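Here the structure is laid out as structure tokens; the discussion comes afterwards.
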Amino acid sequence: QVQLVESGGGLVQPGGSLRLSCVASGRDFRNYVMGWYRQAPGNERELVAIITRSGGRNFAESVKGRFTISRDNAKNTVYLQMNSLKPEDTAVYYCNVDGGFRGKYWGQGTQVTVSS
């Protein structure tokens, strides 16, 4: 059974940093695209960042230069380092793994709140 467990969310002041982690279990995810999405109240879920099996990265324009994404295939873990956080980054952040025909899976979400 595939399971994604996120951690690292919380309350942070504007300009602060957080690091999200997502541990995937249930199979080998080395060949999956791993990434992060977010959903703010009243908005649709949107892509934040993804990382391919070979390390290629793609970011939403709104987070470029502030967020970085990395993965540890040995640990089936993907990380999202978020710096210079803004109030508009407030959302529930969801981990995602996408294996194409192998399946696509979501975590339960972790709340990130940026407020003074």
Side-chain angles (χ1 to χ4, degrees):
Q1 181 179 355
V2 174
Q3 188 175 15
L4 306 180
V5 179
E6 299 121 330
S7 61
L11 173 64
V12 64
Q13 292 186 344
S17 297
L18 283 175
R19 188 193 195 207
L20 304 183
S21 299
C22 172
V23 180
S25 61
R27 64 183 62 176
D28 184 350
F29 293 95
R30 281 178 294 179
N31 293 319
Y32 285 61
V33 175
M34 305 182 82
W36 293 91
Y37 291 70
R38 68 187 180 187
Q39 187 168 17
N43 291 356
E44 294 186 354
R45 191 172 297 187
E46 63 176 3
L47 170 73
V48 177
I50 56 171
I51 182 168
T52 68
R53 63 179 181 175
S54 58
R57 295 166 172 85
N58 192 26
F59 295 90
E61 285 294 328
S62 60
V63 307
K64 282 183 178 179
R66 300 187 298 122
F67 291 12
T68 58
I69 188 170
S70 60
R71 64 191 290 169
D72 185 334
N73 289 332
K75 297 180 178 179
N76 275 343
T77 301
V78 60
Y79 305 96
L80 184 69
Q81 177 67 44
M82 305 185 293
N83 299 327
S84 302
L85 281 160
K86 304 175 181 180
E88 50 263 44
D89 294 317
T90 295
V92 178
Y93 283 70
Y94 295 91
C95 176
N96 171 268
V97 293
D98 186 351
F101 68 90
R102 301 180 188 90
K104 187 172 184 175
Y105 304 93
W106 294 93
Q108 80 286 355
T110 185
Q111 177 70 46
V112 171
T113 302
V114 185
S115 175
S116 55

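Note that this is a predicted model, so its numbers are computed, not measured.
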Margin query: Which Ile, Leu, Val, Met, Phe, Trp or Tyr residues join Trp36 in one cluster when any pair of side-chain heavy atoms under 4.5 Å counts as a link?
Written below: Val2, Leu4, Val12, Leu18, Leu20, Phe29, Tyr32, Met34, Val48, Ile51, Phe59, Val63, Phe67, Ile69, Val78, Leu80, Met82, Leu85, Tyr93, Val97, Tyr105, Val112, Val114

Test item: [X] side-chain N/O and [Y] main-chain N/O as donor-acceptor pair under 3.5 Å:
| X | Y | value |
| --- | --- | --- |
| Thr90 | Glu88 | no |
| Arg30 | Asn73 | no |
| Asn43 | Ala40 | no |
| Arg27 | Gln1 | no |
| Gln3 | Gly26 | no |

Next item on the list: Using side chain to side chain donor-acceptor pair (under 3.5 Å) as the criterion, list what pairs up with Gln39, not counting sequence neighbours.
Entry: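 Side chain to side chain donor-acceptor pair (under 3.5 Å) list for Gln39, sorted by chain: empty.
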
Margin query: Would you say CZ of Arg53 has more than 12 non-hydrogen atoms from neighbouring residues, nucleotides or ligands within 6.0 angstrom?
Written below: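 No, the 6.0 Å shell around CZ holds no more than 12 heavy atoms from other groups.
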
Notebook entry, point to check: Crowded around Arg102 CZ? As in, over 12 foreign heavy atoms under 6.0 Å?
Noted result: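 Enclosed: over 12 neighbouring heavy atoms sit under 6.0 Å from CZ of Arg102.
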
Contact check, side chains of [X] and [Y], non-hydrogen atoms, under 4.5 Å:
| X | Y | answer |
| --- | --- | --- |
| Val92 | Tyr94 | yes |
| Ser115 | Pro87 | no |
| Arg38 | Glu46 | yes |
| Arg45 | Trp106 | yes |

Next item on the list: Cation-pi check, Arg71 to Tyr79: give yes when NZ or CZ is under 6.0 Å from the six-membered ring centre and within 45° of the ring axis, no otherwise.
Entry: no

Next item on the list: Using the disulfide bond (SG atoms under 2.5 Å apart) rule, collect all pairs that involve residues 42-116, keeping only residues at least two apart or in two chains.
Entry: Cys22-Cys95

Item checked: Nearest-0.5 Å distance, OG1 of residue Thr113 to CD of residue Gln13 ->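 Those atoms lie 13.0 Å apart.
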
Margin query: Checking Ser17 against Asn83 for the side-chain hydrogen bond (donor to acceptor under 3.5 Å, both in side chains) test, could you report, in this order, the C-alpha distance in whole Å, the side-chain angles of both residues, the deciding distance, and whether it holds?
Written below: CA-CA 4 Å; Ser17 297; Asn83 299 327; 2.9 Å; yes

